[in-house]
**Student:** 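Below you will find the structure I want to go over with you.
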Amino acid sequence: MQFSKTLINWYSINKRSLPWRETKDPYFIWLSEIILQQTQVKQGLPYYEAFLREFPSVFQLANANESDVLKLWQGLGYYSRARHLHATAKYVVNELNGEFPKSFKELIKLKGIGDYTASAIASICFNEPAAVVDGNVYRVLSRYFGIDTPINSTKGIKEFKLLAQELIDKKKPADFNQSIMEFGAIQCKPQNPDCSVCPLNISCVALKQNRIDQLPVKIKAVKAKKKYFNFLVFISEDGKTILEQRKTKGIWQNLYQFPLVETKSEMDFNTFKKHIDNHELLKNSSFDLSFYNETSIVHKLSHQHLYTKFWIINVKNLETKGVSINNIKDYAVPILIGNFIESFRF
DNA sequence: AATGCGGGGGC
DNA sequence: GCCCCAGCATT
């Protein structure tokens, strides 16, 4: 197939030099693939290097505490990846003697490994002809073949997977998979690709029909909801503050934060002072309230916009409820909290 | 089939 | 402001 040959040839010339491309060790490939889910190389690379420094093998990762793994993951987002990464490391060490499964069928059973990641590991590490379909593959195939089935519909997911599976070079599954993804990342970019230098421009359907900017088709995402977060930043005279671990499902599960009061709207000083008067951590004690930011900090997640205020609460002492302010950098926190901690002078 | 989950960057 | 990103789990 000319399509596959062209991609593999393009890849051999244009591929970026990246650390996980120097190995077929499933631990390294697995780690890189989990980190790179929904994450660009530029953002994930430093995390990959940090994880390998801290956990050179699956055994060190399995022996770590989840809190330490989350701390290292801090800032990368989609924290369930880190929790599943750790759980799978423990499973591989404890149940599989530290050896990763060697087939798509077995790999996909592991936590945090879905169709894409199982295909990536099986092809790159074990030469199994399992086609990867990530955001890049959707884009390349939808444009080159002029397919307008929505890529995030059930029909589209099946259709593109089938097509990729037909196109894969069964003799070079690793090269084919990586070539089509790299091609999507560098040549067939989301915005303003330079089709004049594309090795596939002669036969690209979208280019011929002048539909490059209309493909791939995607079903619209729901709009983000607004939420109003008020963090209680306690400061005691003996140098302590309060951090709590988020145990509920939802965003930032198992990360730490200052005690959170969610409200229906943005709080001004007087309203908020009344609002928290009966708060569990404040009743029967005197406190001095002030704000860190008078206008909300807007933190945008994919599905929520968080209008956030940090409230400074000076108290006499916090006894055992508090943690030493000197140690707060040891806790894994959302980037929203992390940015505050960095800029606030305790 | 639909929803939730982060954060950074491009335009 | 909207879209995109080496997706997965849950319901």
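Order of the sequence lines fixes the chain letters, A, B, ..., with proteins taken first and strands second; residue numbering starts at 1 for each chain. In this text, all values refer to a predicted model and were calculated from it rather than measured experimentally.
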**Student:** Please give, in whole Å, the distance from B:dC5 P to A:Ile335 CD1?
**Tutor:** 18 Å
**Student:** Provide, to the nearest angstrom, the distance between the CG atom belonging to A:Asn177 and the P atom belonging to C:dA6.
**Tutor:** 15 Å
**Student:** From C:dG7, C:dT11, C:dC5, pick the nucleotide closest to the side chain of A:Lys218?
**Tutor:** C:dC5
**Student:** Under 4.0 Å, counting only non-hydrogen atoms across every strand here, what does A:Ser32 touch: a base, just sugar-phosphate, or nothing?
**Tutor:** nothing
**Student:** A:Trp73 near the nucleic acid: base, sugar-phosphate alone, or nothing, with a heavy-atom cut-off under 4.0 Å?
**Tutor:** nothing
**Student:** Where the side chain of A:Asn136 is concerned, which of B:dG8, C:dA6, C:dG7 is the nearest nucleotide?
**Tutor:** C:dA6
**Student:** Considering non-hydrogen atoms only, spot the tightest contact between A:Met267 and A:Phe272 and give its length.
**Tutor:** CG-CD1, 3.5 Å
**Student:** Once you apply a heavy-atom cut-off of 4.0 Å, does A:Arg21 come out as touching a base, just sugar-phosphate, or nothing?
**Tutor:** base
**Student:** Measure from CD1 on A:Ile297 to C1' on B:dG6 and round the result to the nearest Å.
**Tutor:** 17 Å
**Student:** Base, sugar-phosphate, or nothing: which does A:Leu76 touch, judged by heavy atoms less than 4.0 Å apart?
**Tutor:** base
**Student:** Can you find a side chain N or O atom of A:Lys189 that sits less than 4.0 Å from OP1 or OP2 on C:dC5?
**Tutor:** no
**Student:** Between B:dG4, C:dA6, C:dC4, which nucleotide has the shortest distance from any of its atoms to the side chain of A:Pro190?
**Tutor:** C:dC4
**Student:** Expressed as a whole number of angstroms, how long is the span from A:Lys15:NZ to C:dA6:P?
**Tutor:** 18 Å
**Student:** In whole Å, measure the gap between the C1' atoms of B:dC11 and C:dA6 for me.
**Tutor:** 23 Å
**Student:** Indicate, yes or no, whether a donor-acceptor pair under 3.5 Å links the base of C:dG7 to the side chain of A:Tyr116.
**Tutor:** no
**Student:** Cationic tip of A:Lys273 within the cone over A:Phe287's six-membered ring, i.e. under 6.0 Å and within 45° of the normal?
**Tutor:** yes
**Student:** Distance criterion of 3.5 Å, no angle test: do you see the side chain of A:Ser302 paired donor-to-acceptor with the base of B:dG6?
**Tutor:** yes
**Student:** Among the candidates B:dG4, C:dA6, C:dC5, find the nucleotide nearest to the side-chain atoms of A:Val222.
**Tutor:** B:dG4
**Student:** Quick one: does any side-chain atom of A:Asn127 pair with a main-chain N or O of A:Ala174 as donor and acceptor, under 3.5 Å?
**Tutor:** no
**Student:** If you only use heavy atoms from C-beta on, which nucleotide in B:dG4, C:dC5, C:dC8 is closest to the side chain of A:Gln40?
**Tutor:** C:dC5
**Student:** Any base atoms under 4.0 Å from A:Gly44, or only sugar-phosphate, or nothing? Heavy atoms, all strands.
**Tutor:** nothing
**Student:** Out of C:dG1, B:dC5, C:dA6, which has the shortest distance to the side chain of A:Met181?
**Tutor:** C:dA6
**Student:** So, does A:Lys249 get its side chain near the phosphate of C:dT11, meaning an N or O under 4.0 Å from OP1 or OP2?
**Tutor:** yes
**Student:** To the nearest 0.5 Å, what is the distance between CD on A:Gln178 and CZ on A:Arg21?
**Tutor:** 5.5 Å
**Student:** Going by purine N1 to pyrimidine N3 plus the second Watson-Crick contact, or the G-U wobble pair, all under 3.5 Å, which nucleotide sits opposite B:dG6?
**Tutor:** none
**Student:** Name the residue closer to the 5' end of DNA chain B, choosing between A:Asn192 and A:Leu336 according to the nucleotide with the nearest heavy atom.
**Tutor:** A:Leu336
**Student:** Has A:Tyr79 got a side-chain N or O lying under 4.0 Å from the OP1 or OP2 atom of B:dG7?
**Tutor:** yes
**Student:** Pick the nucleotide of DNA chain B nearest each of A:Ser153 and A:Gln37; which residue has the one closer to the 5' end?
**Tutor:** A:Ser153
**Student:** When the P atoms of B:dG6 and C:dT11 are considered, how many whole Å apart are they?
**Tutor:** 16 Å
**Student:** Please tell me which of the listed nucleotides, B:dG4, B:dG7, C:dA6, lies nearest to the side chain of A:His299?
**Tutor:** B:dG7
**Student:** Taking the C1' atom of each, how far is C:dT10 from B:dG7, in whole Å?
**Tutor:** 22 Å
**Student:** So, is A:Gln304 near the phosphate of B:dC5, with a side-chain N or O under 4.0 Å from OP1 or OP2?
**Tutor:** yes
**Student:** Atom CG of A:Asn339 to atom P of B:dG7: distance rounded to whole Å?
**Tutor:** 9 Å
**Student:** Take A:Asp115 and A:Arg139, find for each the nucleotide of DNA chain C with the closest heavy atom, and name the residue whose nucleotide sits nearer the 5' end.
**Tutor:** A:Arg139
**Student:** What is the distance from CD of A:Gln178 to C1' of C:dA6, rounded to the nearest Å?
**Tutor:** 10 Å
**Student:** With a 6.0 Å cut-off (strictly less than), is the heavy-atom count around NZ of A:Lys172, excluding the residue itself, greater than 12?
**Tutor:** no
**Student:** Distance check needed: B:dG7 C1' versus A:Lys42 NZ, whole Å only.
**Tutor:** 13 Å
**Student:** Remember a base hit wins even if backbone is also touched, and classify A:Gly250 as base, sugar-phosphate or nothing at under 4.0 Å, heavy atoms.
**Tutor:** sugar-phosphate
**Student:** Within a reach of under 6.0 Å around CG of A:Asp288, are more than 12 heavy atoms found that belong to other residues, nucleotides or ligands?
**Tutor:** yes
**Student:** So does A:Thr39 reach the base of C:dG7 with its side chain, donor to acceptor, closer than 3.5 Å?
**Tutor:** no
**Student:** Checking A:Arg81 against A:Gln37: is there a side-chain donor and acceptor pair closer than 3.5 Å?
**Tutor:** no
**Student:** Just wondering, do A:Asn152 and A:Tyr138 contact through their side chains at under 4.5 Å, heavy atoms?
**Tutor:** no
**Student:** Taking only N and O in the side chain of A:Trp252, is any of them less than 4.0 Å away from OP1 or OP2 of B:dG7?
**Tutor:** yes
**Student:** Is A:His303 stacked on the base of B:dC5, meaning ring centres closer than 5.5 Å and planes within 30 degrees of each other?
**Tutor:** yes
**Student:** I want to confirm an ordering. Mapping A:Arg16 and A:His305 to their closest nucleotides on DNA chain C, which one lands closer to the 5' end?
**Tutor:** A:His305
**Student:** What is the distance, to the nearest angstrom, from the CG atom on A:Asp134 to the P atom on C:dA6?
**Tutor:** 6 Å
